[in-house]
**Student:** 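Here it is: the structure, laid out below.
Chain identifiers are assigned alphabetically (A, B, ...) following the order of the sequence lines, protein sequences preceding nucleic acid strands; residue numbering begins at 1 within each chain. Just so you know, these numbers use all the heavy atoms, side chains as well, and skip hydrogens, waters and symmetry mates. Please read these numbers as outputs of a predicted model, since none were measured by experiment.
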There are 2 protein chains.
Amino acid sequence: MTVTLADVAARARVSPATVSRVLNGNYPVAASTRERVLRAVDELDYVLNGPASSLAAATSDLVGILVNDIADPFFGIMAGAAQTAIGEGASGRAGGEKLAVVCNTGGSPERELTYLTLLQRQRAAAVVLTGGALEDPAHIAAMSAKLARLADAGTTVVLCGRPPMSGGAVTATLTFDNRGGGRRLAEHLIALGHRRIGYVAGPAERTTTRHRLEGHRAALAAVSAADGADGGAGTGPVPDDQERLTIHGPYDRRSGYDATLELLRRDPDLTAIVAANDTVALGACAAVRDLGLRIPEDVSVAGFDDLPFSVDAVPALTTVRLPLHEAGVRAGRLAMGKEAPPPGGIATIGAELMARESTAPPRKL
Amino acid sequence: MTVTLADVAARARVSPATVSRVLNGNYPVAASTRERVLRAVDELDYVLNGPASSLAAATSDLVGILVNDIADPFFGIMAGAAQTAIGEGASGRAGGEKLAVVCNTGGSPERELTYLTLLQRQRAAAVVLTGGALEDPAHIAAMSAKLARLADAGTTVVLCGRPPMSGGAVTATLTFDNRGGGRRLAEHLIALGHRRIGYVAGPAERTTTRHRLEGHRAALAAVSAADGADGGAGTGPVPDDQERLTIHGPYDRRSGYDATLELLRRDPDLTAIVAANDTVALGACAAVRDLGLRIPEDVSVAGFDDLPFSVDAVPALTTVRLPLHEAGVRAGRLAMGKEAPPPGGIATIGAELMARESTAPPRKL
DNA sequence: CTGTTAGCGCCTTCAC
DNA sequence: GTGAAGGCGCTAACAG
């Protein structure tokens, strides 16, 4: 029924081993022989049996890319870039390519582990984990163990936009400077004169959430110390109870909307809202407008990530740019061994402030 | 080094065959035996060898989902929904799950075929193709042939948000009513009084592009016939040369921006711009604003898809809603055989007009 | 440079 | 309900 390597060998009048060699291209074969084999492959419309090949070779050409939310362009951009970088070297004829494949965990720790097991089962050549990690100690331990096993089995592990993990299982880590980005964004608002700033944070247990928030708080703490109790140059002092001005929620539009309504209810004198990311910021903008307030005259709003739609928001969204595409490409190359890991295995990727129209000096009270 | 099924059998004091039976769960095994085997699996931290298993069984648990652009939420939402639907039935312990995996073609026909070959190689259990198809006859023929081979090998093929293909290879097709959506959107604008409407279309050779445009043109042709030469109730007659008011380009923000500038240069009297999708519409909005025109007072703008950000655009974007999530879930279930195919194998999914603030009656001249 | 020989780890009839 | 044996299709030493 299905044509096998032996059939090709018969038609080309060579041994199966020779066919295997020309197909894998990692062994010298006479040009004329190769020619004959390739022709037989075409004539028979032969397709290699992946499982058989993987079984015999004890490796596969599968590369897994794990993302938290495939519907979020934040992950889509990174994953697409990584997939492209991995798919390169395509000889057109589906020769030695890897099958780069993205797996959507939906942010669920169980599914994250399940996917890793599934990939382990397939003897994946490499695994790329993208985006923030969960801070639950049990889950971290489970992940470390799982990654260690994968590495043992020869799978390359790359982290992209994710904090470093202890243990030697990880080949390379590309981590975003979320803390620095958060800090610079807050400093930008402070420089404009803002002191009462609401913060719509992401899910509490995620590293990305914590780091961005820490950067934000650090900037506020610094100005608080400098200004003294009188509030310095800005509109009053930095409020003491930052917790009250922070609301956690998922990384979606709805969370931004609801949290912003609540923040402005708790403290109608807020002059700015900072959101966990651009999507959340969009929701925040909608809430501000629905309250009859203007952006940025009445309330400034800022996001994070600089997704493609952010520049088209009205007013254009002030945010922090993360080089998602570049990071994805690099992660892909790292996973394929096309690029040497950074010194120490860890590279920090900068986050750049993009000051646009959604932030401005606060209205004088 | 790596623990095999035989190791588990030895530890559980049963035969390899028995271990296989409890792992696959498709054969009666005594409860006590099963218990013992499962314990051994846990103690040894055994992970099934996928390739070996697939080779012996001649099937794999891999399911491929092909998308044109993973960074576009249009595809992300469908793919995520499909992946979730396929991943269901997870017994928690990575038992009988499928490995649902998304492949990004980047809209390239070669990569589409390459991915199918790769999936064929892996003996994928099912393949879901999402989004519009290329209309190049050669590519269509190649795709049909490839899908036929996949189907022959036992792979289920499902089309989601894609036009039907001839040939019996496809198990089920879910196709969007792009034509109807385009028509209803145009009718909405016509009812508001618009007659001179610019159209920023997608890539010329894609079915989605053509169908949406056809719907649009059909509505205009109808009103043109009804109004007669005097222009009827609207602001003047429907222009004859629709080609001149149509510009093709990729499905991205930039294309919308550039094409809109060009359209308004060609005909400054346009009262509305219709975009191929919401992302393009965002670019169109930016261009209109940069020309110093107001939306919708000076120019109405509309999109297609109703992606999550569209409701937060300012003004909120009039668009056509496609039930992407529902379609994705259904495609996933179809791929898993959890749901019977629609009668005739083809189901058309409706497209609903979402009239919002970015469209209004044209200013009187 | 090419052919021969063993398995890779598992599933699946068959017997019991 | 369980064990024994053969083979799935390919690759990787070895020879030659």
Side-chain angles (χ1 to χ4, degrees), chain A residues 1-38 40-41 44-62 94-96 118 120-123 125 153-154, chain B residues 1-38 40-41 44-62 95-96 118 120-125 153-154:
Chain A
M1 193 63 233
T2 96
V3 23
T4 76
L5 185 145
D7 298 331
V8 176
R11 198 174 213 307
R13 313 193 149 285
V14 295
S15 73
T18 300
V19 177
S20 172
R21 292 197 261 256
V22 338
L23 257 31
N24 291 306
N26 41 8
Y27 217 80
V29 174
S32 64
T33 311
R34 158 193 273 84
E35 183 58 34
R36 210 141 32 90
V37 169
L38 255 22
V41 167
L44 264 37
D45 205 12
Y46 170 69
V47 174
L48 190 69
N49 184 317
S53 166
S54 299
L55 172 58
T59 62
S60 88
D61 53 4
L62 200 76
L118 256 18
Q120 182 182 2
R121 224 182 238 189
Q122 303 294 333
R123 304 299 187 254
Chain B
M1 191 65 236
T2 95
V3 22
T4 76
L5 184 146
D7 300 330
V8 176
R11 198 173 213 312
R13 311 194 153 284
V14 294
S15 74
T18 300
V19 177
S20 171
R21 292 197 260 255
V22 338
L23 257 30
N24 291 305
N26 40 9
Y27 216 80
V29 173
S32 64
T33 311
R34 157 194 273 85
E35 183 57 34
R36 208 139 35 88
V37 169
L38 256 21
V41 167
L44 263 37
D45 204 13
Y46 169 70
V47 173
L48 190 70
N49 184 317
S53 165
S54 298
L55 173 58
T59 62
S60 87
D61 53 4
L62 200 74
L118 257 18
Q120 181 182 2
R121 226 182 238 189
Q122 304 294 334
R123 304 298 187 256

**Student:** Once you round it to whole Å, what is the distance between C1' of D:dT11 and CG of A:N24?
**Tutor:**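 Computing the A:N24:CG to D:dT11:C1' distance gives 8 Å.
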**Student:** Taking atom P of D:dT11 as reference, at what distance in whole Å does atom CG of A:N26 sit?
**Tutor:**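 It works out to 9 Å between those atoms.
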**Student:** In whole angstroms, how far is the P atom of D:dT11 from the CG atom of A:L23?
**Tutor:**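 The distance from CG of A:L23 to P of D:dT11 comes to 7 Å, rounded to the nearest Å.
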**Student:** Please work out if B:L5 contacts a base, only the sugar-phosphate, or nothing of the nucleic acid, heavy-atom cut-off 4.0 Å.
**Tutor:**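 Result for B:L5 = sugar-phosphate.
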**Student:** Using a cut-off of under 3.5 Å, enumerate the N/O to N/O pairs linking the protein to nucleotides 2-4 of chain D.
**Tutor:**
unit_1 : atom_1 : unit_2 : atom_2 : d
D:dT2  : OP1    : B:T33  : OG1    : 2.3
D:dT2  : OP2    : B:A30  : N      : 2.8
D:dG3  : OP2    : B:S15  : N      : 2.8
D:dG3  : OP2    : B:S15  : OG     : 3.1
D:dG3  : OP2    : B:T18  : OG1    : 2.7
D:dG3  : N7     : B:R21  : NH2    : 2.8
D:dG3  : O6     : B:R21  : NH1    : 3.4
D:dG3  : O6     : B:R21  : NH2    : 3.3

**Student:** Set out, in order, the CA-CA distance, both residues' side-chain angles and the distance that settles side-chain contact (heavy atoms from CB on, under 4.5 Å) for A:L5 and A:V8, then state yes or no.
**Tutor:** CA-CA 5 Å; A:L5 185 145; A:V8 176; 5.6 Å; no
**Student:** Between B:V41 and B:L23, is the side-chain contact (heavy atoms from CB on, under 4.5 Å) condition met? List the steps.
**Tutor:** CA-CA 9 Å; B:V41 167; B:L23 257 30; 4.2 Å; yes
**Student:** Quick check on C:dC10: is either OP1 or OP2 less than 4.0 Å from any side-chain nitrogen or oxygen of B:S20?
**Tutor:**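 No, B:S20 has no side-chain N/O under 4.0 Å of OP1/OP2 on C:dC10.
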**Student:** Which nucleotide wins on minimum distance to the side chain of B:L48, given the candidates C:dC10, C:dT12, D:dT11?
**Tutor:**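 Nucleotide nearest to B:L48's side chain: C:dC10.
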**Student:** Please state how far atom CG in B:L55 lies from atom P in D:dC8, giving the value in whole angstrom units.
**Tutor:**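 Whole-Å distance recorded here is 9 Å.
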**Student:** Test of understanding: with salt bridge (charged side-chain N to carboxylate O under 4.0 Å, His left out), list the residues that count as partners of B:R11, not counting sequence neighbours.
**Tutor:**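 B:R11 satisfies salt bridge (charged side-chain N to carboxylate O under 4.0 Å, His left out) with B:E43 once adjacent residues are dropped.
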**Student:** side-chain contact (heavy atoms from CB on, under 4.5 Å) for B:L38 and B:V22? Distances and angles first, verdict last.
**Tutor:** CA-CA 8 Å; B:L38 256 21; B:V22 338; 3.8 Å; yes
**Student:** How does DNA chain C look in dot-bracket notation if pairs are Watson-Crick or G-U with both distances under 3.5 Å, crossing ones as [ ], other-strand ones as |?
**Tutor:** ||||||||||||||||
**Student:** Under 3.5 Å, is there a donor-acceptor pair between the side chain of B:R121 and the main chain of A:L48?
**Tutor:**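 A pair under 3.5 Å: no.
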**Student:** When you measure from the side chain of A:R13 to the backbone N and O of A:A10, does any donor-acceptor pair fall under 3.5 Å?
**Tutor:**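 Answer holds: no.
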**Student:** Roughly how far, to the nearest 0.5 Å, is the CD atom of B:Q120 from the CG atom of A:N49?
**Tutor:**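 Answer for the CG-CD pair, A:N49 versus B:Q120, is 10.5 Å.
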**Student:** Just to confirm, is there a sub-4.0 Å distance from OP1 or OP2 of C:dC8 to any side-chain nitrogen or oxygen of B:N49?
**Tutor:**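 False: B:N49 side-chain N/O out of range (4.0 Å or more) of C:dC8 OP1/OP2.
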**Student:** Taking the side chain from A:S60 and the backbone from A:S54, do they hold a donor-acceptor pair closer than 3.5 Å?
**Tutor:**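 Side chain of A:S60 to backbone of A:S54, a donor-acceptor pair under 3.5 Å: no, none is there.
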